[in-house]
Structures are given as structure tokens and as C-alpha cells.
Asks: 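One structure, pasted below without further comment.
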Amino acid sequence: MLTPRALERRIAGWPRAALDVPLAVGFTVVALLLGQERPPVGWRALDTGGLVLTVVTNMLLAGRRRMPVTVFTTICALSLVHVFAGYWPVIQSAAAMLAFYTVAAARPPRATGLCAGGLVALWVVSGLSNPHSDMGTVAAQSVVTPAALWWFGNAARRLARRNAQLSAVTEQLRRERDGNARRAVAEERVRIARELHDVVAHHMSVISVQAGLAHYVFTTDPDTARQALGTISGTSGEALEELRRLLAVLRVGPEGTGDNSGGDDGAYRPAPGLDRLEETAERVRAAGVPVTLEIVGERTRLPPGPDLCAYRVVQEALTNVIKHARPATATVRVEFRPHQLTVRVTDDGRGRLPANPGPSDGHGLIGMRERARIYGGTLAAGPCDHGGFEVRLTLPLPPATGSRSAAGAARERDGPGHDGKR
């Protein structure tokens, strides 16, 4: 058994034109019942011809939505026949008024105005056909009724048009939302792939070099082999830590809380930044590439995004030195300016044999350029005039607030006797 709410939903799903047939039947029944009453003076009662004419006129309402003007015109013509035959015009008036309202609700004002003239003419002719009619009442009805029907019909037409526009806008917004969601997913996949590439490429390059070194000197120089194994252990531990952090981001639930059932808060540590450049430089030095770290200008606290961007660019550039430029020395120069951060990673490129032979797909440079573009910066990479290779990152920054000099930061960290170069 259908509940009232279920019946309402089912009716709402029907085509609107399908509801006109029951409506036409209802109007026909009411007209026939009205025709059974005794008509006023001057009009005759319905006979068989009048009954047929009444049924045909009212049943035309079933097609009022498909052909509103045609239905209205036909009903007016049959109503004139009804009047000229001497039948009471009130019997057909409800059908004529509903047909005119449908025209006003479905057609522009010009077409509605012509139909309004036809309805007024029908009312005037009906009044003139009976000498006992009150012409004042007929005149009032001829003006007020069409005007009221026109006003309500026009309001319904404007409301339907606004609803259609709202539906179109809603559909467009839904498509844009779906498109934005797909783009967000794609961008997030690219970001995660870039993060994984940076973590895996850098740390695995160091591990590969150190493993080769340990294997080479395992029997001849146990101390060097032991040191290389220690570097492998530390580097692999840091790589696992960063991978856990990335996986923790992927496990964020619908309420915005991470799946931290293991109780390990290390997976939620902040992303690395320029404050960890020294650790990265030490790993690269352990891999056999001397690195000089220079920090120039008033050091400011960067937003997390640009901070991570600059760190990853340095990390990837040093990884490329390990993979493709050994033996070489590298220099990392970080310049803090009032509205700009410049990072340069250069190497002297001695010997062009890669540490890990094999084809390169160039994802590192692509990832660095994408990172720079996200934060409104630029990245240039290419050979230097004097030999070697340079990667230069430029990021726009807000005005420095709460900054401190790099030399002061270095003295606080390293004590006296250091000049900022490593």
C-alpha cells in the first residue's frame, strides 16, 4: 500500500501533460452537472446536441499544454457555437478561462494579448445574445476576468522560466563541481607522486652509493664500510619516516581525523623545510659529494608550502648531482630578500659519468618546475658557462616579519668561529 508521501513522489514523477486528462474529465463532469440545472431566462436547457458539444469542448483541455493557443481558439469557437445555439454560456466559461490561463502561462505577452481579445469578445457576444443580460455585469466580467487570468498566468510563466534557469545553473554547478573534484584528485595524485619521487629518489640514491661503497671496501677498510652502513641505516630510517607521513595523509578519514590507531605520532610530524638543509647536506657529503651551504640575508619564517618547495628543490638538485655528476662538488646558496627567496644549487660537474647508469625520464626537473609554479615562482635549470650545472629557484615572499640574520642564526647554532659557509 502506497503511503501519501510515496504517492506524492510518484505523481511528481509523472509527465505534467498526463495530469491534464483527469483535469479535463473533471471539468467535463462539472459542466454536465451545471447543464442539468435550470438555465436563466433567455437560455434553453441542454439537449443531446448540447451535451455532446459540452463534452467535446471540455475534453479539449487534455491537450492544453501541448497546443495552448490552438486549444484556446477551438474552445472559444465551440463556445460561440454553444451561445448561438441558445445554450447557457456559463456552462462553457470554466473551460475557456482555464484555456486562456494556460496560454498566459506558456506564451509571451503578445500571443496572450490576442487571446485575451478573443476571450473578451466571447463574453461580450454572450451578453448581447440575451436581452435579459445585465450589460454592466457583462462589461465588468469581460475586463476583470481576463486581466486576472493574464496576471496569474504571466506570473506562473515567469516562475517557470526562473525555475528552468535555476535548474540549468544547478546542473552547470554540478558539472563544475564534479570537474573540480576530478581535477583536485588528479592534482593530489601528482603531488603525492612528486613527494614519493623526491623521498625515494633522494634517499635511495644515497643508499645505493653507500651500499656500493660498503661492498667495495668491506674487506679492505672495515671502518669505512661500517660508516657507510651507518649512513644507510640513518637514511633509510628517515625515508621510512617521510613515507609514513605521506601515508598518514592518505589515511585521513571523512571527519578530517587521521587513522592513527597505532598511536605513532611520528607519522604526523611537520613536513621538512629549509631548517633541515644541513641534514640533507650531511647525507650528500656521506655519499661522496662535498656540499657547501650558504645562507644570505635576513632569514624569515616561511609559510609551510614555499618552505617545503624550496627544500624539495634543493633535495632533488643534490640527488641529481649524486646520480649524474660525480665526482663533483656542490654549492647550495639560499638568499632571503625582502620580497623574494632565491635558491641556487650549482656543481662543478667534474666527470660526466652517472653514479647510477641508465636512462632518465626527467621527472625530477618536471616536479621542481611544478612546485615552483604552484607558489608563483620560477625555476631555471641548465649548464653553467664555466662548466657544471645550476638549478635556480625564485619564489615570491611576503614582507619579512620577525626575521633574524642568517649569521646570527648560524652563531646560535654553531657557536663562534663559523662564517656561514660549510
Side-chain angles (χ1 to χ4, degrees), residues 195-245 266 272 275-295 311-333 344-365 367-368 381 383-384 386-391 410 413-415 417-422:
E195 290 288 334
L196 290 174
H197 171 268
D198 291 342
V199 172
V200 174
H202 174 75
H203 293 87
M204 292 308 296
S205 295
V206 174
I207 291 173
S208 176
V209 171
Q210 292 298 310
L213 175 62
H215 180 268
Y216 182 74
V217 300
F218 188 77
T219 56
T220 59
D221 193 349
D223 292 337
T224 302
R226 188 178 298 107
Q227 182 180 0
L229 292 175
T231 303
I232 292 174
S233 177
T235 303
S236 61
E238 183 175 349
L240 288 175
E241 176 187 339
E242 294 202 28
L243 287 174
R244 281 197 299 269
R245 179 176 58 80
D275 56 344
R276 294 178 60 177
L277 285 183
E278 181 59 33
E279 300 177 20
T280 303
E282 287 294 339
R283 285 197 304 270
V284 176
R285 294 186 190 114
V289 176
V291 178
T292 300
L293 180 60
E294 300 177 1
I295 301 178
Y311 173 79
R312 291 302 191 196
V313 167
V314 174
Q315 184 185 55
E316 178 64 26
L318 292 178
T319 300
N320 289 338
V321 175
I322 297 174
K323 294 167 63 177
H324 305 300
R326 291 194 310 121
T329 60
T331 300
V332 178
R333 182 180 178 87
R344 296 172 183 265
V345 182
T346 59
D347 65 82
D348 54 17
R350 293 201 309 267
R352 307 304 293 177
L353 295 177
N356 299 319
S360 174
D361 54 9
H363 288 173
L365 289 177
M368 287 191 284
C384 301
H386 53 77
F389 198 84
E390 180 184 68
V391 175
R413 183 175 60 252
D414 302 326
H418 292 264
D419 60 357
K421 291 188 177 182
R422 304 184 187 277

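Here, residue 1 is the first one in the sequence, and each next residue gets the next number.
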Asks: Distance check, rounded to the nearest 0.5 Å: Q210 atom CD versus I322 atom CD1?
Replies: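 Taking CD in Q210 and CD1 in I322, the distance rounds to 9.0 Å.
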Asks: Where do V391 and A381 come nearest, in terms of heavy atoms and distance?
Replies: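 The pair with the smallest heavy-atom distance is CG2-CB, 4.1 Å.
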Asks: Only one of V332, V284, V291 clears side-chain contact (heavy atoms from CB on, under 4.5 Å) with V314; which?
Replies: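 Single side-chain contact (heavy atoms from CB on, under 4.5 Å) partner of V314 among V332, V284, V291: V332.
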Asks: Around Q227, counting heavy atoms of other residues, nucleotides and ligands shown, do more than 12 lie under 6.0 Å from its CD?
Replies: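 It does not: Q227 CD has 12 such atoms or fewer within range.
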Asks: Less than 3.5 Å apart, any donor N or O on the side chain of T224 or Y216 sitting next to an acceptor on the other?
Replies: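 Per modelled atom types, T224 and Y216 side chains form no pair under 3.5 Å.
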Asks: Please determine whether side-chain contact (heavy atoms from CB on, under 4.5 Å) holds for the pair R283 and Q315, giving the CA-CA distance in whole Å, both sets of side-chain angles, and the decisive distance to 0.1 Å.
Replies: CA-CA 10 Å; R283 285 197 304 270; Q315 184 185 55; 4.1 Å; yes
Asks: Evaluate the side-chain proximity of T292 to T329: yes if any heavy-atom separation is below 4.5 Å, no if none is.
Replies: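 The answer is no, as the side chains (C-beta and beyond) never meet within the 4.5 Å cut-off.
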Asks: If you round to the nearest 0.5 Å, how far is CG of D348 from SG of C384?
Replies: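 With rounding to 0.5 Å, SG (C384) is 9.5 Å from CG (D348).
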Asks: Among L318, L293, I295, whose side-chain contact (heavy atoms from CB on, under 4.5 Å) with L277 holds?
Replies: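 Exactly one option meets the side-chain contact (heavy atoms from CB on, under 4.5 Å) with L277, and it is L293.
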Asks: Please examine the side chains of H386 and T346, heavy atoms only from C-beta on, and report whether any two atoms are closer than 4.5 Å.
Replies: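 Side chain of T346 against side chain of H386, heavy atoms only: no contact under 4.5 Å found.
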Asks: Write down the atom of A328, the atom of V289, and the distance for their closest heavy-atom approach.
Replies: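 In this case the closest contact between A328 and V289 is O-CG1, 3.5 Å.
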Asks: From E316 CD over to Y311 OH, what is the distance, rounded to the nearest 0.5 angstrom?
Replies: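 Atom-to-atom, E316:CD and Y311:OH are 12.0 Å apart.
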Asks: Out of curiosity, R285 CZ to T231 OG1, how far, rounded to the nearest 0.5 Å?
Replies: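 Atom-to-atom, R285:CZ and T231:OG1 are 12.5 Å apart.
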